[in-house]
Q: 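Below is the structure I would like to discuss, written out as structure tokens.
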Amino acid sequence: MSLGLLFCILGAVSFGLLGCVSKMAERSKCNSSAVVFWMICWAALFMLGRTLTQKPIVHLSWPVVGLALGFGFCAVLAFLAFQMSIEIGKVTVGWLFMNLSAGVPALVSMWLYGEKLTPLKSVAFCLALVALFCLFQGNRLEAREATLEDSK
């Protein structure tokens with residue numbers, strides 16, 4: 001297994017655990033925003049340390065630093081929006097939408113960089129659409145059942 005693939009897997013698992021920790025903090029009446037803030041700070045420090053200790057030393061230009069800060073800020077906003085959504089509703093809905101957003105860079109990458117749409121990617125996009133359909137149908141059924149229970 002290549003180191004890049006290992007980091008991708010670790011990143012996905014860590015991201016999933018971040019969502020779990022957020023929900024645990026929210027259910028325990030902890031300040032889940034503070035928990036996420038400190039996890040993001042530690043991750044940023046770790047990545048800065050890794051970048052500065054690489055051989056050869058990576059020279060950071062100001063445009064790269066600006067992009068990193070801008071995209072990091074967008075990531076923080078996205079995760080805070082997710083936290084707000086799990087406080088309002090169920091974690092499965094927010095988490096599914098957050099994970100389905102990974103399709104956006106995949107589509108942009110195919111459009112911008114001309115990546116091929118393989119059969120496996122097509123299946124993945126179709127499954128994402130099926131998941132969205134199931135999500136909306138499930139929410140509709142839950143809302144209908146809640147309305148029936150309230151009318152009793």
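On a predicted model such as this, the values are computed, not experimentally measured, just so you know.
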Q: Can you list the other members of the hydrophobic cluster that holds Leu117, where links are side-chain heavy atoms under 4.5 angstrom apart?
A: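 So far as hydrophobic clustering goes, Leu117 is joined with Leu107, Met110, Phe125.
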
Q: Please round to the nearest 0.5 Å and tell me the distance separating atom CG of Leu52 and atom CE of Met47.
A: 10.5 Å

Q: Look up atom CD1 in Ile9 and atom OG in Ser14, then write down how far apart they are to the nearest 0.5 Å.
A: 11.5 Å

Q: May I have all residue pairs that pass salt bridge (charged side-chain N to carboxylate O under 4.0 Å, His left out) and include part of residues 60-69, sequence neighbours excluded?
A: none

Q: Under 4.5 Å between side-chain heavy atoms, hopping through other hydrophobics if needed: is there a path connecting Tyr113 to Val108?
A: yes

Q: Can you tell me how far the CZ atom of Phe46 sits from the SG atom of Cys41, to the nearest 0.5 Å?
A: 15.5 Å

Q: Test Phe73 against Leu69 for side-chain contact (heavy atoms from CB on, under 4.5 Å), laying out the working first.
A: CA-CA 6 Å; Phe73 182 73; Leu69 290 173; over 6 Å; no

